[in-house]
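A short worksheet on the structure shown next.
Side chains are part of it too, since the values below use all heavy atoms of this structure and drop only hydrogens, waters and symmetry mates.
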Amino acid sequence: MPAVSKGDGMRGLAVFISDIRNCKSKEAEIKRINKELANIRSKFKGDKALDGYSKKKYVCKLLFIFLLGHDIDFGHMEAVNLLSSNRYTEKQIGYLFISVLVNSNSELIRLINNAIKNDLASRNPTFMGLALHCIANVGSREMAEAFAGEIPKILVAGDTMDSVKQSAALCLLRLYRTSPDLVPMGDWTSRVVHLLNDQHLGVVTAATSLITTLAQKNPEEFKTSVSLAVSRLSRIVTSASTDLQDYTYYFVPAPWLSVKLLRLLQCYPPPEDPAVRGRLTECLETILNKAQEPPKSKKVQHSNAKNAVLFEAISLIIHHDSEPNLLVRACNQLGQFLQHRETNLRYLALESMCTLASSEFSHEAVKTHIETVINALKTERDVSVRQRAVDLLYAMCDRSNAQQIVAEMLNYLETADYSIREEIVLKVAILAEKYAVDYTWYVDTILNLIRIAGDYVSEEVWYRVIQIVINRDDVQGYAAKTVFEALQAPACHENLVKVGGYILGEFGNLIAGDPRSSPLIQFNLLHSKFHLCSVPTRALLLSTYIKFVNLFPEIKTTIQDVLRSDSQLKNADVELQQRAVEYLRLSTIASTDILATVLEEMPPFPERESSILAKLKKKKGPGTVTDLEEIKKERSSDMNGSAEPASVNASAVSTPSPSADLLGLGAAPLTNSAPPPSSSGSLLVDVFSDSASAVAPLAPGSDDNFASPDLASSEVVSEEPADTVHDADELFHKFVCKNNGVLFENQLLQIGLKSEFRQNLGRMFIFYGNKTSTQFLNFTPTVICSDDLQSSLNLQTKPVDPTVDGGAQVQQVVNIECVSDFMEAPILNIQFRYGGTFQNLSVKLPITLNKFFQPTEMSSQDFFQRWKQLSNPKQEVQNIFKAKHPMDAEITKAKIIGFGSALLEEVDPNPANFVGAGIIHTKTTQIGCLLRLEPNLQAQMYRLTLRTSKEAVSQRLCELLSEQF
Amino acid sequence: MINAILVFNNHGKPRLVRFYQHLAEEVQQQIIRETFHLVLKRDDHICNFLECGSLFGGSDYKLIYRHYATLYFVFCVDSSESELGILDLIQVFVETLDKCFENVCELDLIFHMDKVHHILQEVVIGGMVLETNMNEIVAQVEAQSKLEKAEGGLSAAPSRAVSAVKNINLPEIPRNINIGDINIKVPNLSQFM
């Protein structure tokens with residue numbers, strides 16, 4: 001007999017639904033619905049009390065109208081009234097309406113909560129079930145406030161019925177998700193863990209879901225679940241398919257629970273207890289073995305369920321990453337799936353293999369499947385599968401197969417779906433750069449990219465190729481020749497014109513000896529594209545032309561003619577017009593020497609993380625395992641033998657630095673920190689990039705660009721200025737957690753700083769402001785490093801003008817490279833003559849080790865795992881000190897973030913504590929750092945603990961940070 | 001976690017909609033429309049998983065769906081769920097519907113919306129899987145029916161109403177539904193893997 005008898009419907013409802021279905025047009029439907037809404041409204045408002053049946057009917061109608069996509073703005077009160085009915089049917093429909101329609105912020109929540117409270121207390125399991133379902137479905141904060149204390153009791157009470165326990169577990173899980181702070185951990189936690197042993201598999205399943213989520217945040221509290229989960233899993237895996245009766249699904253014993261248990265185990269590292277570990281390994285082996293057995297049923301549900309367990313087991317093996325034997329078996333199993341006739345399995349196999357590729361035990365094994373994966377790229381009908389194939393190729397790429405993989409990706413790009421082209425372009429660009437042994441290959445690859453998918457080549461990609469060509473003189477001639485050839489195609493992408501214009505402007509001379517690419521031919525070729533290009537590209541080409549004036553004096557007049565033409569000099573676009581006018585004047589009045597200086601070749605860009613990588617990470621989100629894990633491999637093999645644990649290393653790349661700029665050009669700091677001198681400045685800077693000095697003469701009014709408002713308004717200004725060197729310590733400490741502000745001030749001079757750091761590099765702009773109305777003469781700032789410091793910190797300064805006019809400000813740039821970790825700070829010494837007296841003062845320059853921090857996000861579990869790994873007494877430094885400032889949590893958080901580490905929320909079991917993690921980047925090594933700050937409000941004290949792989953680093957960071965609170 | 005369960009027919013008409021995160025009505029409708037367009041253009045023998053882009057505001061979500069005759073069952077889940085597990089769950093849900101309604105068809109979902117919700121409630125609550133054992137689920141639903149019968153107050157509805165309505169409206173029904181396909185009998189289900 002069917003559980004729902006079909007005749008039980010409500011006539012009015014059925015008629016209404018039929019009416020709607022018979023409506024010939026959208027308008028008719030809306031009309032009918034409005035009529036019905038009016039009807040229901042009047043019924044609800046009417047004086048006649050509605051019976052339960054009518055209420056139920058109207059609520060059903062409202063639900064149907066809602067399903068059709070119409071807003072329902074009444075009926076809530078009637079639904080709430082139904083909740084307090086004693087009749088099951090009325091209560092049930094009331095709860096349904098509320099679960100579907102009531103917003104978690106509704107003001108009715110209080111009334112609803114009241115009804116729920118009554119039902120929970122009713123001891124009637126059916127009513128309790130309805131109430132719990134409602135809490136789980138709505139899951140609002142008010143509900144958490146009202147019931148988070150009550151539900152754990154229901155969950156672990158001995159006399160609670162199984163079905164209520166199941167609902168209670170999931171209900172608690174939902175409340176924990178929405179308001180973790182309101183769910184108190186307590187003695188119930190250990191009893192929940194024991195639910196893993198429950199007789200009823202439904203209860204175990206619900207409990208496993210709950211424990212998995214709780215364990216992610218509180219690994220210590222739920223540690224005992226590991227051994228219980230393993231033994232439960234073992235009992236399921238080894239059971240005969242009939243043992244579990246109803247929980248056997250198409251001959252697979254409790255597949256859903258097995259999957260959940262395997263997920264739970266992925267919250268933890270491999271079990272330490274050898275017995276448990278052995279039992280788990282046995283389970284995993286059994287699951288792998290079963291995959292090879294002939295299927296017990298031909299039904300797809302059978303293989304589906306079996307494989308769901310298998311894939312989860314493989315995920316666990318990959319997560320543990322500790323048993324080479326299992327990893328290789330997992331890889332072989334996935335290899336079989338790669339060729340399976342089920343698309344779903346091919347998809348999942350590609351996805352799992354991506355994570356497997358990052359394990360050093362199985363990377364080689366994964367690589368053996370390259371042909372299959374390439375084939376998938378070519379033949380799969382489903383774009384989501386092809387996308388996975390691209391991901392896997394990217395993950396398995398290394399030096400040995402880069403050329404093949406890049407070539408295949410380029411091939412695929414020609415026909416790839418539009419939705420994934422940009423990502424493929426980024427991946428190709430990254431791989432080509434990372435594995436380029438021969439940079440001519442790299443240049444070819446990028447030009448091919450532009451040719452095949454020009455529209456999808458983002459700025460980062462073409463900036464990067466220019467950066468690399470400029471930094472490597474061995475490839476410049478080749479690049480010039482190649483772009484020249486590529487530009488000859490009758491139709492070429494605008495991005496190619498940009499790259500071509502830039503490269504020929506810099507290195508056109510390298511191919512000018514060949515009569516086929518003489519200066520004039522180069523110029524004509526570029527200029528033939530000019531009119532087809534957008535304004536920014538034209539602006540770039542104009543800069544190329546003025547560079548040509550310097551490179552090829554013989555075509556100067558031709559270029560001047562072009563610049564002089566009306567279409568340039570009178571161009572409607574102000575930027576183009578200004579360039580044409582200025583370049584024309586420059587070429588006319590400047591001597592050859594000046595031209596040669598102003599238009600000299602670009603200096604190399606500082607090396608840093610590829611901006612393309614940052615872009616890909618941004619696109620895919622920081623959680624993408626594939627590319628990041630891949631890089632982890634790359635890094636750890638690059639620096640084999642480095643003392644730091646690989647796991648910390650991995651996290652170095654798993655979080656894209658929030659400050660990583662997408663541009664990645666060396667010019668970025670310049671354009672960012674000093675406002676462009678004039679409207680034309682920004683584009684000029686694009687083109688001339690690093691050569692700040694070259695821009696200056698072109699740009700009018702560049703001397704007034706210091707008035708940076710944030711310096712003037714900086715809170716430090718109002719403080720007592722430090723008079724002498726040694727008292728400046730306090731100001732110095734302020735800079736530990738920030739990068740900009742006033743470093744020093746007296747009656748004569750103000751020194752301001754702006755700095756930025758990325759990985760092991762940094763750049764500091766020092767601004768010297770003359771506060772008097774008299775000139776400073778012989779103004780000489782010098783940065784002094786002690787011998788010790790010199791070996792670990794590379795500082796380059798540019799000299800400044802020896803006269804500083806009254807009221808004027810000059811700027812000095814310090815380029816910083818951190819070679820290894822260091823303790824002291826460099827000294828900035830300034831000497832000058834002011835009104836006949838000689839002035840000499842020194843300040844500590846706030847370049848401190850923590851500036852080279854890169855924040856690392858990690859889960860609580862990772863954090864404590866690493867924390868434990870760094871348990872050698874030499875790695876830990878602790879300081880207990882009195883608070884110097886009011887103990888405000890928000891300020892403390894800001895300081896920890898300013899210090900450079902990531903602030904990890906919800907990691908420490910005690911929410912009052914602060915934990916942070918990050919990587920110190922030096923040229924020679926990277927040092928993973930973990931920190932924990934425990935405030936004690938009563939005593940007004942702090943305890944700060946630093947753990948890093950290097951004692952000196954722990955020591956220094958602890959010193960620096962202790963001064964901050 | 002399951003963020004949403006959407007059931008719509010081949011024309012994109014929603015038949016069962018359940019969101020487990022709070023979204024404005026317009027957003028829900030938008031998601032239903034976009035989901036429909038995403039799955040509609042996929043033929044029946046390709047993969048049952050697809051990334052849903054920014055549909056739910058994150059890259060972490062996947063759509064896992066099955067197509068049965070006239071209906072699409074789509075579950076939107078985050079990465080904490082097993083893809084094949086969810087496929088099984090959809091099957092469990094549909095088989096349960098079939099048991100409860102005896103040869104369930106699209107019309108049952110339309111005319112017994114409340115029942116369908118109650119059945120779903122026994123499988124998934126708050127975005128989490130409550131029960132996967134079909135017999136257990138059916139037992140719960142049967143217990144509910146018994147309670148309803150015992151209360152009897154609702155029997156005012158003539159039991160022939162629905163079948164009568166179905167017959168009356170037969171000429172118009174093909175506008176949305178291909179009669180021949182109405183039955184989504186379980187024995188036919190597997191071929192649509």
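- Between chain B and the residues His70(A), His133(A), Gln166(A), the most heavy-atom pairs under 4.5 angstrom are made by His133(A).
- Contact of Ser99(A) with chain B is made through backbone and side chain together, with heavy-atom distances under 4.5 Å.
- Side chains of Asn137(A) and Gln121(B): a donor on one and an acceptor on the other come within 3.5 Å.
- With a 4.5 Å cut-off on non-hydrogen atoms, Tyr347(A) touches chain B through its side chain but not through its backbone.
- For Met128(B), the parts lying near chain A are the backbone and the side chain together; criterion is any non-hydrogen pair under 4.5 Å.
- Both the backbone and the side chain of Leu170(A) come within contact range of chain B, each with at least one heavy atom under 4.5 Å from a heavy atom of that chain.
- Here Glu81(B) is the residue among Lys146(B), Gln21(B), Glu81(B) with the most heavy-atom pairs under 4.5 Å with chain A.
- Using a 4.0 Å cut-off between a side-chain N of Lys or Arg and a carboxylate O of Asp or Glu, Lys56(A) and Asp114(B) qualify as a salt bridge.
- Between Glu51(B) and Arg388(A) there is a salt bridge, since at least one side-chain N of the basic residue sits less than 4.0 Å from a carboxylate O of the acidic one.
- Checked by atom type and distance alone, the side chain of Asn48(B) never pairs as donor or acceptor with a backbone atom of Ile64(B) at under 3.5 Å.
- Contact annotation for Ser167(A): both backbone and side-chain heavy atoms come within less than 4.5 Å of a heavy atom of chain B.
- Chain A forms the most heavy-atom pairs under 4.5 Å with one residue out of Ile86(B), Val124(B), Leu89(B), Leu130(B), and that residue is Leu130(B).
- Contacts between Arg174(A) and chain B at a heavy-atom distance below 4.5 Å involve backbone atoms as well as side-chain atoms.
- Of the listed residues (His117(B), His118(B), Glu136(B)), the greatest number of heavy-atom pairs within a distance under 4.5 Å of chain A belongs to His118(B).
- Side-chain polar atoms of Arg42(B) and Tyr65(B) form a donor-acceptor pair below 3.5 angstrom.
- Proximity to chain B (any heavy atom under 4.5 Å) is restricted, for Leu345(A), to the side chain, taken from C-beta onward.
- Looking at Glu106(B) and Thr70(B), their side chains do bring a donor and an acceptor atom within 3.5 Å of each other.
- Side-chain contact between Val17(B) and Ile32(B) is present, with at least one heavy-atom pair separated by less than 4.5 Å.
- Residue Val259(A) touches chain B through its side chain alone, counting heavy-atom pairs closer than 4.5 Å.
- Ranked by non-hydrogen atom pairs under 4.5 Å with chain B, the options Leu173(A), Leu130(A), Leu132(A) are led by Leu173(A).
- For a residue to count as touching a neighbouring chain, one of its non-hydrogen atoms must lie under 4.5 Å from one of that chain's; by this rule Glu131(B) touches chain A with backbone and side chain alike.
- Only the side chain of Gln28(B) comes within contact range of chain A, judged by heavy atoms closer than 4.5 Å.
- A salt bridge is absent between Glu29(A) and Arg21(A); no separation between the charged side-chain nitrogens and carboxylate oxygens falls under 4.0 Å.
- Judged by the 6.0 Å and 45° rule, Lys115(B) forms no cation-pi pair with Phe101(B).
- A salt bridge does not link Asp382(A) with Arg346(A): every distance from a Lys NZ or Arg NE/NH1/NH2 to an Asp or Glu carboxylate oxygen is 4.0 Å or more.
- Ranking His200(A), Gln266(A), Lys57(A) against chain B, the residue ahead of the rest is His200(A), based on heavy-atom pairs under 4.5 Å.
- Contacts with chain B were tallied for Ser384(A), Ser209(A), Ala169(A); Ser384(A) has the most, counting heavy-atom pairs under 4.5 Å.
- With a threshold of 4.5 angstrom between heavy atoms, Phe66(A) approaches chain B through its backbone and through its side chain.
- Looking at Leu16(B), only its backbone comes within 4.5 Å of chain A, counting heavy atoms on both sides.
- Both the backbone and the side chain of Gln144(B) come within less than 4.5 Å of a heavy atom in chain A.
- There is a side-chain donor-acceptor pair under 3.5 Å between Gln91(B) and Tyr68(B).
- For Leu348(A), the part sitting under 4.5 Å from any heavy atom of chain B is the side chain, from C-beta outward, and nothing else.
- Of the listed residues (Ser79(B), Gly85(B), Ala139(B)), the one with the most heavy-atom contacts under 4.5 Å to chain A is Gly85(B).
- With no hydrogens or angles considered, a side-chain donor-acceptor pair links His67(B) and Asn10(B) at under 3.5 Å.
- Contacts of Gln29(B) with chain A are made by side-chain atoms alone, with heavy-atom separations under 4.5 Å and no backbone atom involved.
- For the pair Asp98(B) (side chain) and Val94(B) (backbone), a donor-acceptor distance under 3.5 Å is absent.
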